[in-house]
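Presented below is the structure to which this report refers.
All values below were derived from every heavy atom in this structure, side-chain atoms included, with hydrogens, water molecules and symmetry-related copies excluded. Throughout, numbering of the chain's residues begins at 1 and tracks the sequence.
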Amino acid sequence: MLPPPARHRPDIQQLSSSPSPLLTSGHFLQPNTHTHTPHMPLDMNTQADWIMFRICSFLCVCVLLLTSSACAQTHRRQPFPCGGNITGDSGVIGSQGYPGVYPPNTKCVWRITVPQGKVVVLNFRFLDLESDNLCRYDHVDVYSGHVNGQRLGRFCGTFRPGALVSTGNKMLIQMVSDANTAGSGFLAVFSAANPHERGDQYCGGRLVKPSGTFKTPNWPEKDYPAGVTCSWHIVAPKNQIIEVKFEKFDVERDNYCRYDYVAIFNGGEINDAKRIGKYCGDSPPAPVFSEGNQLLIQFLSDLSLTADGFIGHYRFRNKKIPTTTIAPTTTTQPITTRLIPLKYSAALCQQKCKRKGSPESHYCSSNFAITGTIITAVPRGGSMHTTVSIINIYKEGSLAIQQAGKTMSTKILILCKKCPSVKRGLNYIFMGQTDDEGRGLITPHHFVMAFKTKNQRAFNVLKNKRC
């Protein structure tokens with residue numbers, strides 16, 4: 001018989017140049033066995049080297065897997081907390097659990113503070129909350145300042161607003177969820193910016209000069225961008241009021257101004273009870289006058305159609321209420337001409353409250369005559385401040401009328417809140433005087449009565465009455 005073939009021990013260089021016994025197609029390569037017969041065992045040195053190589057390879061794979069797992073744990077995003085105080089030039093805020101579903105029945109508040117002399121600019125990168133037209137359930141509120149600041153907006157659903165800008169170096173974000181439908185929440189970034197900066201990204205600010213201009217982003221070069229929210233807070237000295245006029249106006253038209261619109265509020269916050277008007281379309285609104293020394297102008301565009309935008313001007317004016325002489329009314333007993341003070345006084349409101357005359361007898365002596373529905377009625381001091389949705393105009397005079405689509409409204413001040421007594425939601429005919437700002441003024445001597453639709457035909461004769 002022939003002697004068995006000589007066996008040799010592979011040296012280190014041969015092992016390093018040979019295929020590595022690692023995983024290939026899911027299996028370890030088998031050791032090179034073609035140099036010996038199945039009946040002849042490997043020598044001890046060759047077998048020990050092979051076992052050692054297998055152990056080293058296995059350990060290398062384990063180290064790689066453990067290192068990858070540790071890195072993944074290190075780079076995994078920490079969950080966002082429910083609220084907190086955040087200070088710095090910029091940062092990221094997310095709802096609790098984002099990007100997972102936010103928990104029910106929670107209220108989270110974040111207070112942002114940037115360096116003094118700067119304002120906060122907030123941009124929502126993602127928004128997914130329970131949808132509702134009025135955001136009554138799950139919502140995010142954004143306020144300028146930390147305490148009693150103006151609300152810059154309330155948001156829900158998946159519509160992302162444009163950049164929101166505070167008037168100072170503080171901003172508050174509050175998210176509320178109820179017990180029902182939820183979503184992924186929100187992700188927002190904030191940064192510090194110089195006050196009154198202008199640009200395509202955001203607009204708005206605090207205006208304190210005696211006169212000035214405000215306009216939509218991109219004006220007049222191109223249409224305003226989609227998804228923008230701008231708020232101009234105009235503040236005059238305490239003894240002055242603010243007049244606003246729009247030079248050019250073109251905002252996406254809708255009968256109810258549901259999409260893009262301009263809303264103007266008395267005071268420094270977004271409050272429907274203090275809203276002067278809501279405007280859209282391509283006709284400039286009538287001049288607007290504030291009741292006090294602060295006015296808030298809000299512009300909002302959705303993510304669809306846009307238009308040219310607008311440019312408006314404001315100026316401060318001295319507060320004054322005129323005194324008007326009223327002609328005598330025609331009754332069976334002649335009434336002497338008297339001076340009716342058009343401002344509140346205790347003496348004026350102590351008189352017996354009794355309506356005199358008729359619509360026909362008051363028509364000529366009145367500066368305006370309208371029928372309308374009282375949509376807001378706010379008592380202040382001894383007077384009642386009302387907003388009236390107009391049904392019909394018989395005599396416009398110098399009454400300032402705001403129009404949004406087909407809806408017209410005006411402001412009427414009833415100097416003595418109990419005379420005449422009016423209620424929100426009811427219809428009345430008003431005949432009275434106006435002040436320098438075009439606001440209607442009603443004293444106990446003027447004519448106010450409940451209006452019913454069946455009386456419409458009788459009142460229509462007033463339009464043809466000659467004075």
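Of all heavy-atom pairs spanning Trp232 and Leu207, the tightest one is CD1-CD1, 4.0 Å. Across every non-hydrogen atom of Ala377 and Ile374, the tightest pair is CB-CG2, 4.1 Å. In terms of heavy atoms, Cys156 sits closest to His139 at CB-CA, 4.4 Å. Between Ser144 and Gly168, the shortest heavy-atom distance links the atoms OG-N, 4.2 Å. Residues Glu247 and Pro284 share a closest heavy-atom pair of O-CG, 4.4 Å. Residue Lys423 comes nearest to Tyr428 through the heavy atom pair N-OH, 3.0 Å, listed as atom of the first residue, atom of the second, then distance.
Donor-acceptor pairing under 3.5 Å is recorded for the side chains of Thr106 and Ser177. Judged purely by distance below 3.5 Å, without hydrogens or angles, the side chains of Tyr224 and Asp308 never pair a donor atom with an acceptor atom. Between Gln240 and Asn318, the side chains place a donor N or O and an acceptor N or O closer than 3.5 Å (distance only, hydrogens not considered). Counted by atom type alone, Asn367 and Thr434 present one or more donor-acceptor pairs between their side chains at under 3.5 Å. Looking at Thr387 and Thr376, their side chains do bring a donor and an acceptor atom within 3.5 Å of each other.
Between Phe249 and Asp282 there is no side-chain heavy-atom pair separated by less than 4.5 Å. Counting heavy atoms from C-beta on, the side chains of Phe430 and Thr371 never come closer than 4.5 Å. Residues Val235 and Phe316 are not in side-chain contact: their nearest non-hydrogen atoms beyond the backbone lie 4.5 Å or more apart. Proximity of Ile401 to Ile393: side-chain heavy atoms (C-beta onward) are separated by under 4.5 Å at one or more points. Inter-residue side-chain proximity for Asn169 and Thr113 is flagged as met; some heavy-atom pair is nearer than 4.5 Å. Considering only heavy atoms from C-beta on, Gln298 comes within 4.5 Å of Phe265 through its side chain. A 4.5 Å side-chain heavy-atom check between Met175 and Phe186 finds at least one atom pair inside the cut-off. With contacts defined as side-chain heavy-atom distances shorter than 4.5 Å, the pair Phe246/Ile311 does not qualify.
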Stepwise, does the side-chain hydrogen bond (donor to acceptor under 3.5 Å, both in side chains) test hold for Asp128 with Thr158? CA-CA 5 Å; Asp128 178 24; Thr158 57; over 6 Å; no
Could you walk me through whether Thr410 and Ile390 pass side-chain contact (heavy atoms from CB on, under 4.5 Å), step by step? CA-CA 7 Å; Thr410 190; Ile390 296 174; 4.2 Å; yes
Test ring pair (Phe, Tyr, Trp, His ring centres under 6.0 Å) on Phe310 and Phe299 and set out the steps. CA-CA 10 Å; Phe310 60 81; Phe299 168 66; 5.4 Å; yes
Met431 and Val448: side-chain contact (heavy atoms from CB on, under 4.5 Å), yes or no, with the steps? CA-CA 6 Å; Met431 293 185 179; Val448 176; over 6 Å; no
Tell me, with the steps shown, if Ile264 and Leu295 meet side-chain contact (heavy atoms from CB on, under 4.5 Å). CA-CA 7 Å; Ile264 303 180; Leu295 205 63; 3.9 Å; yes
For Tyr102 and Asp138, what are the C-alpha separation, side-chain angles and deciding distance, and is it a side-chain hydrogen bond (donor to acceptor under 3.5 Å, both in side chains)? CA-CA 10 Å; Tyr102 56 83; Asp138 298 356; 2.6 Å; yes
Step by step, would you call Ile86 with Trp110 a side-chain contact (heavy atoms from CB on, under 4.5 Å)? CA-CA 7 Å; Ile86 305 170; Trp110 295 264; 4.0 Å; yes
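Taken to the nearest 0.5 Å, the CD1 atom of Ile112 stands 5.0 Å off from the CZ atom of Phe190. Rounding to the nearest 0.5 angstrom, the gap separating the CE atom in Met171 from the OH atom in Tyr143 is 12.5 Å. With values rounded to the nearest 0.5 angstrom, Lys274 atom NZ is found 9.0 Å from Gln294 atom CD. Rounded to the nearest 0.5 Å, atoms CD1 (Ile297) and NE2 (His233) are 10.5 Å apart. Atoms NE2 and CG, from His146 and Asn85 in turn, are 7.0 Å apart once rounded to the nearest 0.5 Å. Taking OG of Ser383 as the reference point, atom CD1 of Ile442 lies at 12.0 Å (rounded to 0.5 Å).
Although no hydrogens or angles enter the test, the distance criterion places a donor-acceptor pair under 3.5 Å between the side chain of Asn105 and the main chain of Ala179. Remark: the backbone N or O of Ser365 is paired with a side-chain donor or acceptor of Gln433 at under 3.5 angstrom. Checked by atom type and distance alone, the side chain of Ser366 pairs as donor or acceptor with a backbone atom of His362 at under 3.5 Å. Side-chain atoms of Ser290 do not come within 3.5 Å of backbone N or O of Asn293 as any donor-acceptor pair. A donor-acceptor pair under 3.5 Å links the side-chain atoms of Asp435 to the main chain of Gly438, judged by distance alone. Ser361 places a side-chain N or O within donor-acceptor distance of the main-chain N or O of Ser358, the cut-off being under 3.5 Å.
A disulfide bridge does not connect Cys419 to Cys349: their SG atoms sit 2.5 Å or farther from one another. Disulfide status for Cys416 with Cys353: absent, SG atoms not under 2.5 Å apart.
Looking at residues two or more places apart in sequence or on another chain, you find a side-chain contact (heavy atoms from CB on, under 4.5 Å) between Lys118 and Val114, Pro115, Ala192, Asn194. Every residue was checked against the ring pair (Phe, Tyr, Trp, His ring centres under 6.0 Å) condition with Tyr259, not counting sequence neighbours, and none meets it.
Between Tyr98 and Phe126, the ring centre distance stays below 6.0 Å.
With salt bridges taken as basic N to acidic carboxylate O contacts below 4.0 Å, one links Glu291 and Arg380. The residues Glu243 and Lys245 are annotated as salt-bridged, a charged nitrogen and a carboxylate oxygen being separated by less than 4.0 angstrom.
By the 6.0 Å and 45° rule, Lys395 stacks over the aromatic ring of Tyr363. Remark: Lys278 is positioned above the aromatic ring of Tyr261, its terminal NZ or CZ atom under 6.0 angstrom from the ring centre and at most 45 degrees off the axis.
By the neighbour-count criterion of 12 heavy atoms within 6.0 Å, atom CZ of Arg424 is sparsely surrounded, having that number or fewer from other residues, nucleotides or ligands.
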